[in-house]
2 protein chains.
Amino acid sequence: MKKYQEIYHDLKEKIRTNLYPAETSLPTEQQLQEIYGVSRDTVRKALAMLTEGGLIQKVQGRGSMVLKQEILNFPVSGLTSYQELTNSLQLSSQTQVVSLEQVTVNSSLASLTGFEPYSKVWKVVRTRSIDGKVSVVDTDYLAEELVPELTFEIAEKSIYEYLEGQLGLDIAYAQKEITVEPTSREERDLMQCQDDYLVLIKSRVYLGDTRQFQYTESKHKIDKFRFVDFARRKHSL
Amino acid sequence: MKKYQEIYHDLKEKIRTNLYPAETSLPTEQQLQEIYGVSRDTVRKALAMLTEGGLIQKVQGRGSMVLKQEILNFPVSGLTSYQELTNSLQLSSQTQVVSLEQVTVNSSLASLTGFEPYSKVWKVVRTRSIDGKVSVVDTDYLAEELVPELTFEIAEKSIYEYLEGQLGLDIAYAQKEITVEPTSREERDLMQCQDDYLVLIKSRVYLGDTRQFQYTESKHKIDKFRFVDFARRKHSL
DNA sequence: AAGTGGTCTAGACCACACT
DNA sequence: GTGTGGTCTAGACCACTTC
C-alpha cells in the first residue's frame with residue numbers, strides 16, 4: 001500500500017469515528033508530516049483525496065476543516081457497484097439472475113453499447129429486490145475478450161468482485177447518463193408494478209488501459225431511486 | 001493565472017480542437033516539461049486536472065491517452081449553473097423570475113435548507129423555458145448575510161455571475177440529491193403540464209471557507225431531464 | 001509577525017509497457 | 001534495455017488568515 005493511501009485511510013477512519021469531529025480542523029500539514037514521518041507532498045496527496053471525496057475543505061491560512069456529513073449524504077454517486085453499495089449501507093437485498101447468455105454485437109447494439117460490431121459479449125439480466133420487492137433491473141453487457149468466463153453464481157454474488165479479485169482487472173472510469181423513461185410491458189412484468197415511468201442509468205465502463213469492458217442499463221423503480229452527489233466547482237471552463 | 005492552470009487550459013484547448021486527437025497519446029511528461037519550461041510536478045498537476053475531468057487517461061509505461069468524448073458526453077454534472085450550461089451548449093433559453101422576496105428561516109425551513117433558524121435569506125423562484133415551454137422551475141434560497149443585495153435583473157440574468165463577478169464570492173462545492181417526486185397542483189400550473197412526476201434536485205452550495213450561501217430545489221420536467229456524469233472508481237473504500 | 005496552505009522546483013528511485 | 005508514468009523527498013518562496 002502506498003504511503004499516501006495509508007495516510008488517507010487513517011485520516012478517513014479518524015474522521016468517521018469522530019476522532020477528528022466535523023466543524024474542526026485537522027492537524028496542520030506540518031504536524032501530519034511529523035505524525036506520519038513523511039514529506040509534505042505525501043501528506044498533501046492524502047489531503048487532496050479527502051478533499052476530492054468531500055470529507056474536508058482546505059482554507060488557506062486557516063487549515064483543513066472536516067465537513068459535516070449531511071443526512072442526505074452517502075456515496076451513491078461515483079463508480080460503485082450495487083453489491084458494494086448495499087454492503088456499505090447494510091441493506092439486505094437480494095439479487096436474482098434472470099438470464100445469462102452470450103451474444104454477438106450487431107450494429108445497433110454496437111452504437112448503443114460502444115462495443116465493436118461482431119465482437120462477442122456476455123448479456124446478463126438481474127433483478128435487485130429489497131423486502132421481496134423488485135426495485136432495480138440491471139442489464140449488463142461484458143466484453144468476452146476481457147471476461148472469458150461468467151457463471152450464474154458469479155452474477156448472483158458480485159461481478160465486480162470477480163473481475164477485480166479473480167481476474168485482476170483494473171476498473172478505472174465510466175461515463176453515465178441518467179434519464180427518466182416510460183416503462184415497457186416487459187419492464188412492468190419484471191418489476192411487478194404498474195408504474196408508467198422508471199429511471200434509466202446507462203453507463204459505459206472502462207479499464208485503466210482505456211479498453212471498454214462493460215455497458216449497463218440500470219432501471220430503477222421511480223419511488224426507490226435516489227442519487228447523491230458531492231461536486232466541486234471548476235473555476236476553469 | 002497559475003502555471004499549471006495555463007498548461008491545463010492550453011492542453012484542453014488543443015484536445016478540443018483535435019490538435020491532440022482522441023485515441024492518441026499526449027506528449028510525454030518530459031516533453032511537456034520542455035514545451036512549457038516548467039518542472040515535472042507542474043506538468044503532472046495539469047495532467048491530473050485533465051484526468052479528473054475525463055479528458056485523458058494515464059497508462060503507466062505508455063503515456064496519457066486522449067479519451068474520445070461520446071455523444072452522451074457534455075458536462076451536466078458537477079457544479080455548474082443553469083446559465084453557464086445553456087451558454088456552453090448554445091441553447092436558447094429564457095429565464096422568468098416568478099417571485100423574489102426576503103424570508104426569515106423558521107425551524108422547518110432550517111432543516112430543509114441547512115440555514116440557521118432566524119437568519120434571513122432571499123427566496124427566488126424562476127422558470128426556465130426552451131422553445132416557449134417551461135422545462136425547469138428553480139427555487140433558490142440565498143443567505144442574506146453573504147448576498148446583501150438581489151434584484152429582478154440579476155435573477156433574470158445569472159446569479160452566479162453576479163456572486164462571483166461582482167461580489168467576489170468563491171463558490172467551492174455542493175451536496176446534491178436527485179429523486180423523482182409526484183407533482184403538486186402549483187407545480188403543474190407553473191410548468192403548464194399535467195405530468196404526474198418531476199425530477200427534483202436538491203442542493204446545498206458552500207463557499208471556499210465552508211460557509212453555506214445557497215440552497216436550491218430544481219424541478220425538471222420529466223421528459224426534459226438528462227444528467228451526464230464522468231466517474232472514476234475509488235479503489236479505496 | 002507568526003502560522004497556514006498554495007505553488008514550484010530538482011532530483012531520486014520504483015513499477016510497468018514496449019521491443 | 002529503454003522509456004514511460006508513479007511515488008517520495010527536501011527545500012524555497014508566495015498568499016492568505018489570524019493575532
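All heavy atoms count here, side chains included; hydrogens, waters and symmetry mates do not.
- Rounded to an integer number of Å, the gap from B/Gln5 CD to D/dC14 C1' is 15 Å.
- The existence of a salt bridge linking B/Lys14 and B/Asp10 is confirmed by a sub-4.0 Å separation between a basic side-chain nitrogen and an acidic carboxylate oxygen.
- Checking the phosphate oxygens (OP1, OP2) of D/dT7, a side-chain nitrogen or oxygen of A/Tyr4 falls inside 4.0 Å.
- In this view, A/Ser203 satisfies the side chain to side chain donor-acceptor pair (under 3.5 Å) rule with no residue, not counting sequence neighbours.
- For the pair B/Asp170 CG and C/dG5 C1', the interatomic distance rounds to 14 Å; values are reported in whole Å.
- Distance CD (A/Glu34) to C1' (D/dT9): 16 Å, rounded to an integer number of Å.
- When the side-chain nitrogen and oxygen atoms of A/Thr42 are compared with OP1 and OP2 of D/dT9, one or more of them lie within a distance under 4.0 Å.
- Base pairing in DNA chain C gives the following stems of 3 or more Watson-Crick or G-U pairs, range against range and under 3.5 Å: C:1-18 with D:1-18.
- Residue B/Arg44 places at least one side-chain N or O under 4.0 Å from the OP1 or OP2 atom of D/dG6.
- Residue B/Lys58 has a polar side-chain atom (N or O) positioned under 4.0 Å from OP1 or OP2 of D/dG6.
- Separating the NZ atom of B/Lys3 from the P atom of C/dG6 is a distance of 19 Å, rounded to the nearest angstrom.
- One atom, CE of A/Met49, and another, C1' of D/dG6, lie 13 Å apart when rounded to the nearest Å.
- Screening residues 22-33 of chain B for salt bridge (charged side-chain N to carboxylate O under 4.0 Å, His left out), with sequence neighbours left out, gives B/Glu29-B/Arg40, B/Glu29-B/Arg44, B/Glu29-B/Lys58.
- Ion pairing between B/Arg232 and A/Glu52 fails under the 4.0 Å rule for side-chain N and carboxylate O.
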Short heteroatom pairs, N/O only, protein and nucleotides 16-19 of chain D, under 3.5 Å:
{"unit_1": "D/dC16", "atom_1": "O4'", "unit_2": "A/Gln60", "atom_2": "OE1", "d": "3.4"}
{"unit_1": "D/dT18", "atom_1": "OP1", "unit_2": "A/Arg62", "atom_2": "NE", "d": "3.0"}

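- Residues passing the side chain to side chain donor-acceptor pair (under 3.5 Å) test with B/Thr42, sequence neighbours excluded: B/Ser39.
- For A/Glu144, there are no side chain to side chain donor-acceptor pair (under 3.5 Å) partners, not counting sequence neighbours.
- The distance between atom OH of B/Tyr8 and atom P of C/dT7, rounded to the nearest whole Å, is 15 Å.
- Under 4.0 angstrom from either OP1 or OP2 of C/dG6 there lies no side-chain N or O belonging to B/Lys45.
- Scored by the salt bridge (charged side-chain N to carboxylate O under 4.0 Å, His left out) test, A/Glu13 finds A/Arg16 as partners (sequence neighbours excluded).
- Listed by first and then second residue, the salt bridge (charged side-chain N to carboxylate O under 4.0 Å, His left out) pairs that reach into residues 102-117 of chain B come to none, sequence neighbours excluded.
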Contacts under 3.5 Å, N or O only, protein and nucleotides 10-12 of chain C:
{"unit_1": "C/dA12", "atom_1": "N6", "unit_2": "B/Arg40", "atom_2": "NH1", "d": "3.4"}

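- Atom NZ in B/Lys2 sits about 8 Å away from atom C1' in C/dT7, given to the nearest Å.
- Residues forming a ring pair (Phe, Tyr, Trp, His ring centres under 6.0 Å) with B/Tyr4 (at least two apart in sequence, or on another chain): none.
- Checked against B/Arg126 for a side chain to side chain donor-acceptor pair (under 3.5 Å), the options B/Thr95, B/Thr139, B/Asp140 give a single hit: B/Asp140.
- Legend: residues meeting ring pair (Phe, Tyr, Trp, His ring centres under 6.0 Å) with A/Phe213, ordered by chain and number and at least two apart, are absent.
- The side chain to side chain donor-acceptor pair (under 3.5 Å) check on B/Ser107 picks up nothing, with sequence neighbours excluded.
- In this structure, A/Leu32 places its CG atom 13 Å from P of D/dT9, rounding to the nearest Å.
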